[in-house]
J.: 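I'd like to ask some things about the structure below.
All ligand and atom numbering here is 1-based and tracks the order in the structure.
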Amino acid sequence: MKNDQNGRKVLLEVRDVKQYFPVKKTKLREKQRYVRANDGITLEIYEGETLGLVGESGCGKSTLGRTILQLYPQTHGDIIYHKDGQAIDLKRQNAEQMRVLRKDLQLIFQDPYSSLNPRMTVGQIIGEGLTSHGIFKKNDPAMKEYIFQVMEECGLATYMFNRYPHQFSGGQRQRIGIARSLALRPRFVVCDEAVSALDVSIQSQILNLLSDLKAKAGLTYLFITHDLSVVKYISDRIAVMYLGNLVELADAEELFSDTLHPYTEALLSAIPTTEEDGGRERILLEGDIPSPVNPPEGCKFHTRCRYCQEKCKHEVPEWRELSDGHWVACHFPLHENNAPTGEVIE
Ligand code: SF4
């Protein structure tokens, strides 16, 4: 097990990970172009934490979650999984080794409507992984008892065992998806927009369930969402992503109280506040997120940044740790003493 400088146990290391997908050519001699979904990502995920990953749709956050789980082999870089004193390089595992490791590394999908097989009962859906990983033999009576236990943990009544997904509401279907993943007793779970398709009142129930299950089982979550207000309540740390790169990473509270990156500032300003909170200025980001096939030079955010200076248009900002555990990629972070003017460039 690897520890960081503060003694926290590192579960996963993501080292300079790139994930490029080739774009289909339209002409014979056309140069091959790539969607740079992840463009050099480095971070550590600590055991027992919830790491929130936020950014606009299409910024590459789901791709990163799936790449960590090796659902897509990365184009470049390493993902190291620490288990039983071993540092396992996931890229170097063959299909059978990866199949065994997949029990530890699970995914909860975004869409509870399409991620469940409509022809399988709840019992079959939850039991499928248990038999394929050899935890139980098919028709083992002990498996039914175990599935009942998991269903109860996930807030599903056991009489639902023989029902089909279409007989459930969205929130209940998401509970089935969670039960399916957590029945395997994983160590690390990627929750990919796990509550985004649900009504707000159901969202909080599912978030509470995920928090309770994490506390009981000592799980580690990568919680992916486009909604900063959701991750605020569930995350220990939050990483902010823009156009394939991380732009800021900090403890959740510090990200809100001592924001360093202009993009994070804009995302935070979009969270609704009450007048009692004092309100806050809404920063409107102009223009769409640029194409990941042909991203802007220099700082990728410069085309939309209200603090952009000449340097930003040409030089890629370094990913650096400005204070203990607070990382940022910006030439002129907010609140930094050596910020050039702190003025908004109109
Ligand atoms: Fe804005 Fe420049 Fe910082 Fe990029 S490097 S976020 S353009 S101030």
J.: Check Gln309 against ligand 1 and report side chain, backbone, both or neither, counting heavy atoms closer than 4.0 Å.
T.: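 It is neither part, as no heavy atom is under 4.0 Å.
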J.: Under 30°, 30 to 60°, or over 60°: which ring-plane class applies to Tyr34 and Tyr20, parallel, tilted or perpendicular?
T.: tilted
J.: Under a 4.0 Å threshold between the charged nitrogen and the carboxylate oxygen, would Lys313 count as salt-bridged to Glu297?
T.: no
J.: Between Cys305 and atom 4 (Fe) of ligand 1, is there a contact where an N/O/S atom of the residue lies under 2.8 Å from the metal?
T.: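 Looking at Cys305, which is the residue asked about, there is no N, O or S atom under 2.8 Å from atom 4 (Fe) of ligand 1.
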J.: Quick one: does Arg306 get within less than 4.0 Å of ligand 1, heavy atoms only?
T.: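 The answer is no: ligand 1 sits nowhere under 4.0 Å from a heavy atom of Arg306.
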J.: Nearest to atom 4 (Fe) of ligand 1, what protein heavy atom do you find, and at what distance?
T.: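 Protein heavy atom at minimum distance: Cys299 SG, 2.4 Å.
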J.: Tell me whether the count of non-hydrogen atoms from other residues, nucleotides or ligands lying under 6.0 Å of CZ in Arg185 goes above 12.
T.: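 For Arg185, atom CZ is crowded (more than 12 foreign heavy atoms under 6.0 Å).
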J.: Return the closest protein heavy atom for atom 3 (Fe) of ligand 1 as residue, atom name and distance.
T.: Cys330 SG, 2.2 Å
J.: If the cut-off is 4.0 Å to any non-hydrogen atom of His302, which atoms of ligand 1 fall inside it?
T.: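 Answer for ligand 1: 7 (S).
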J.: Considering heavy atoms of the protein only, find what lies nearest to atom 2 (Fe) of ligand 1 and give residue, atom and distance to 0.1 Å.
T.: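 In this structure, atom 2 (Fe) of ligand 1 has Cys312 SG, 2.3 Å as its nearest protein heavy atom.
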J.: Do Thr264 and Glu248 pair up side chain to side chain, a donor and an acceptor below 3.5 Å, judged on atom types alone?
T.: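 Distance-only check passes for Thr264 and Glu248.
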J.: Quick one: do Asp236 and Lys214 make a salt bridge, cutoff under 4.0 Å?
T.: yes
J.: Could you establish whether His331 and ligand 1 come within less than 4.0 Å of each other, counting only heavy atoms on the residue side?
T.: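 Contact check His331 vs ligand 1: positive.
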J.: Enumerate the atoms of ligand 1 whose separation from the nearest heavy atom of His261 is less than 4.0 angstrom.
T.: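 Counting from 1, the qualifying ligand atoms are 6 (S).
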J.: Show me which atoms of ligand 1 lie under 4.0 Å from any heavy atom of Phe301.
T.: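 So the answer, numbered in order with elements, is 6 (S).
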J.: Taking atom types as modelled, find out whether Tyr81 and Arg187 have a side-chain donor-acceptor pair closer than 3.5 angstrom.
T.: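 A pair is found: one side chain offers a donor N or O, the other an acceptor, under 3.5 Å apart.
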J.: Does the gap between the ring centers of Tyr242 and Phe301 come in under 6.0 Å?
T.: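 Centroid separation for Tyr242 and Phe301: below 6.0 Å.
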